Amino acid sequence: MKIRSLLLACLLTLMAVCFFTTEELFSYPVSIEQAKYHITILKDGKSEIFYQLTFRELESRDRIKAIGQFIEPVTFLETYGTAKGKRFKVTMKSAGNGYYAALFNINTQKNNLYTVHLRFKMEKPVFDSTTYQGQEYAFFWWSPLQWSLPIKKQIVEIILPIEIPRRYRKAEMIKDDLVNKHGLITGEGTVSSHSRWIYYPSLWKGKNYLSIHAEKENLVPNEKESLGFYIPATSVSVGAPGGTYASSEFTVGKLIDEGTYTIKSALLSVTLLRPGKDLRSLTETSAIELIINNSGTRNIFREIIHLGVQKGSITPEKITVTVDGNEIQAKLRETITEAKRYDTAAFDLILKQVIDASTVKVSIQLNRNIVAEVIPELFDNTFRATYTWPALTFTSPPEIIRMRITTPFQSTFDTETADFPMDDKRLPLIIDPAIAENFSAMRLVKRYETTGESYLDKTKKKRYYPYVNIVASLKSSNHIPAIPLFFEVLPAEFEMTDSFALRTLFNDLLKGTFSETDFDFLKTIIGTLIAHLLMAYFLNFLYLGIQIAIFGLPLYLIGKIIKFDLFSKVFFPRGRKKFSITSGYIFSLNCILVPFRILFYLAAGIVTLLLKLASFHPAIKKIFEKKPEYIAPEIQIETFKTTETVENLEPIEAAVLLNKPSKAINLLIMDLFRRGYIDILNRNPLQVNILNRSEEGLQPYEILFLQSIAEDGTLSKNRIPVILKSISKSLQGKVWKADVEKTAETYTRKITGHWSDFDSAPDYGKQKRYFEEYHPWIVLHDNFERGTSTFMEQAKSDPERGETFTFFDKLSDTTTSLGDSIQDFSEGIVENVEDISSRVVDNIENLFTSPDVKTAVENAVNLPENISSFNYDACHSACHSACHSACVHSACHSACHSACVCHSACHSACHSACVSSF
């Protein structure tokens, strides 16, 4: 059975591995985290594309075998890769038919994140000429590359050759009327097929261009994203000016960094907008303006800014540099550290030309899309979403830093001079006043504009909502600290999952602030649960069939191996019934319970395996080793029952009365030792040396005990019942006319009282005196062996301990404590008296076999007298399994016990086995 249990544990563990790692066993070589395209439409419909493919490596490789299909002819302008802030080389090698292999100069490592950067130019126009409502239009037919792998997120940004007024500076300012005015028409289903489709402005070389941000999530393998839209043909012929993707593509040759420079002032302007219906989503646009006094010769400003977040989450969109009022080309490059690694949060400013002493003005725009974290907790029936503007560090401290955080205020001020505290709940963004301590000054400022969201006043006049600015300044510091903000979000203003609502309920219950909104959540969750239960009930046949198809065969095979009907236990624990709440196969909730049953048996298998492994260690095995369980024989005491109780019982007699035969033998040995009749040679198994064989003054049962000592000094087990019977005769002479039950209760209270008085004694001295006088009654208490360990250790080191402790000294040795020695002695007495084998039954099926009582009785014979305990143990082990199926401690045990006299029934049938095993 042990082998079967181990097999069950191993097989269930293997099933768990298969169940939980199926996806990994058949996983893809990489996980594509993001594919991003930035497309600039050039003159005549040609395009320049910057493609960034970010993937997590699940194996290892030195190339991507095939990327494509590219529309040829295609020219690769720049190719490289990045990983952990370090750049590596990527070479594109044609594989034919528009496919290219990307060869790396490194070997990728499992679980690391890599990004491949490809900048290429397409000569073939991405627009086809067509007509729409009688006008000449161009249709954008290009679509992103397809992959045979799933893609978690794909982003396409397109700078269209459609110029718009420069006053449109933010995405939320571009409405449908502006898009329609410039003739842009999207194809049917194009916008709805994307998770985000946003129009935004792109400033490029002094002009503002309409652009598209299209985002799609969780693309399946080989999925083709459709981006079809129409623009007027005249726009295509013009194209974006410059004919290059970005100004950052110039080369500067040798980098020169001579002399010093100081930052005179720094201005940070942060605009926060909520562009979508989900008000957790924020668009953050940060504009950094620096005025630099350069007193050297240079074409690079090293680590001019350092962001508080990695570049992957915040994107530098554009940069403008003027030197003494003249604009020159410049670009940002990730800073190279002393360890020759890229710091993706720090940037060098590189100029196209070398400059001397001059005043340099730098403008950098950074964009970031954020989903604020909503706290699952209600505050006056609203949620709080947290947002933190990241820190910013400059190379040298500017003389002054000014910053402002701007966001629309979808309300009106009571008066033009209305002031709000920074933590006013009416504000769209709320800041903790304590944050102001990090700045020289921080305040709120109102600002009006003629753009953005509008409303009609009482006179039906169109007015625009104002903006709220958080304005702050710092002096003589090169660091702008992170600014945590939070804003309130109504439950209807973001997509809330049931698990989020459940966490909210739990948190509000803990706070004791259960509100009406919480009650609405509770109703929704209960409704959803009922709906799922009803669906599971009526579709149980279908769901159960799927579960059987997946798990049925493995469970059936495992059950065959371990000879346990695991299949039925999991799928039909109460039998196969059509209609049963928990075990039916038509209308039932059985399909909901199946996964829990699988987990239960899986956990049972794992625990069994762990315990089995742990049991190999001796120390652990001793902890979990099950002590023999004894079913005591009934001691028959004949009485004429009255209401009287007996008050003069000796402790040994009280032990027999209370059905504690091992305690009776224990006291008997202690008393004979104290009076000098025996000496203790070994505590477990018990071996004694008889010092005085005189029978004068001894009780009959004491005489029987001395006569029951074998030649080797051990106590003959077959003689123990005779000794106990002798004690019971002595007891019967005292209780023959008493109420035995009341007498037993009296002595139970007496033992408990003595133990309580001993255990509650305030110090060792009082405990010692009490123990010397009442130790026989204290020994009878069930807690004696374990509860006296501390006291015994103190007594062991006490030079003035009395004669009572001499017996316990004989039990001790140098390897164990005195308390453990006493417990070991007592356990040996228990095993001798109670005669229950510590072996586990080898065949569990015997538990269900009807006992053959008749055969056991017929085979009962008397054992030879005074068999050594050592011999008896070997004999008992050999015959136990054969006899145990007949007894199994069942109803026959009491009747059989008297006839057996310590299991003598097995002796005749197994005598040869007993002898040969010795």
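Only heavy atoms go into these numbers, but all of them, side chains included; no hydrogens, no water, no symmetry mates. This structure is a prediction, so every number in the text was calculated from the model and none was measured.
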Problem - Audit row: Phe564, Lys569, side-chain contact (heavy atoms from CB on, under 4.5 Å) steps and yes/no - result: CA-CA 9 Å; Phe564 180 77; Lys569 291 293 184 182; 3.7 Å; yes

Exercise for the section: Take Leu724 and Tyr701 through the side-chain contact (heavy atoms from CB on, under 4.5 Å) test and state the conclusion after the steps. Expected result: CA-CA 8 Å; Leu724 293 174; Tyr701 52 81; over 6 Å; no

Practice task
Let me see the working for Phe758 and Thr788 under side-chain contact (heavy atoms from CB on, under 4.5 Å), right down to the final yes or no.
Solution key: CA-CA 10 Å; Phe758 165 77; Thr788 58; 3.8 Å; yes

Exercise for the section: Take Lys663 and Phe784, measure what side-chain contact (heavy atoms from CB on, under 4.5 Å) needs, and give me the verdict at the end. Expected result: CA-CA 11 Å; Lys663 294 281 189 179; Phe784 168 72; 4.2 Å; yes

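Contact check for Ile548 versus Leu555: no side-chain heavy atoms found under the 4.5 Å cut-off. Side-chain contact between Leu658 and Thr748 is present, with heavy atoms from C-beta onward closer than 4.5 Å. Asn590 is not listed as a side-chain neighbour of Ile581, based on a closest heavy-atom distance of 4.5 Å or more. No side-chain heavy atom of Trp755 sits under 4.5 Å from any side-chain heavy atom of Leu780. For the pair Val688 and Asp679, the minimum side-chain heavy-atom distance is 4.5 Å or more. In this structure, Leu706 and Leu698 have side chains that are in contact, with non-hydrogen atoms separated by less than 4.5 Å. Using a 4.5 Å heavy-atom cutoff, the side chains of Ile678 and Ile669 are in contact. Using a 4.5 Å heavy-atom threshold, the side chains of Met670 and His775 count as touching.
Between the NZ atom in Lys734 and the CG atom in Asn648 there is a gap of 5.0 Å [rounded to 0.5 Å]. From Phe596, atom CZ reaches atom CG of Leu602 across 14.0 Å, with rounding to the nearest 0.5 Å. Here Phe506 contributes atom CZ and Leu510 contributes atom CG; the two are 4.0 Å apart, rounded to the nearest 0.5 Å. Taken from CE in Met792 to CD in Gln767, the straight-line distance is 10.0 Å, to the nearest 0.5 Å. In this structure, Asn783 CG and Ser756 OG are separated by 11.0 Å, a value rounded to the nearest 0.5 Å. Here the CD1 atom belonging to Ile723 is positioned 11.0 Å from the CD atom belonging to Glu702, to the nearest 0.5 angstrom.
With Glu653 contributing its side chain and Glu650 its backbone, the two residues share a donor-acceptor pair below 3.5 Å. The closest donor-acceptor contact from the side chain of Gln687 to the backbone of Asn682 lies at 3.5 Å or more, if one exists at all. Of the possible polar contacts, one joining the Ser708 side chain to the Leu704 backbone as a donor-acceptor pair under 3.5 Å is found. Panel note: side chain Asn540, backbone Gly584; a donor-acceptor pair is recorded below 3.5 Å. With hydrogens and angles ignored, the 3.5 Å screen pairs no side-chain donor or acceptor of Ser568 with any backbone N or O of Asp565. In terms of modelled atom types and a separation under 3.5 Å, the side chain of Ser728 and the main chain of Lys725 share a donor-acceptor contact. Ser588 places no side-chain N or O within 3.5 Å of a backbone atom of Phe579 that could act as its donor or acceptor partner.
A donor and an acceptor atom, one from each side chain of Ser730 and Gln699, are nowhere located under 3.5 Å apart.
Taking the centre of each ring, Phe571 and Phe551 stay at or above the 6.0 Å mark. Taking the centre of each ring, Tyr774 and Trp777 stay at or above the 6.0 Å mark.
Partners of Tyr770 according to the side chain to side chain donor-acceptor pair (under 3.5 Å) rule, which considers only residues two or more places apart in sequence or in another chain, are His754, Asp757. In this structure Arg769 satisfies the salt bridge (charged side-chain N to carboxylate O under 4.0 Å, His left out) test with no other residue, sequence neighbours excluded. Taking Ser760 as the reference, nothing meets the side-chain contact (heavy atoms from CB on, under 4.5 Å) condition, with sequence neighbours excluded.
Across all their heavy atoms, Ala664 and Val656 have their closest contact at CB-CG2, 3.9 Å. Taking all atoms of both residues into account, the shortest heavy-atom contact from Val594 to Val570 is CG2-O, 3.8 Å.
For Phe600, the CZ atom is loosely surrounded, since the number of other residues' heavy atoms within 6.0 Å does not exceed 12.
The aromatic rings of Phe567 and Tyr556 lie perpendicular to each other, with more than 60° between the two planes, well past the 30° mark.
Between Arg675 and Asp671 there is a salt bridge, since at least one side-chain N of the basic residue sits less than 4.0 Å from a carboxylate O of the acidic one.
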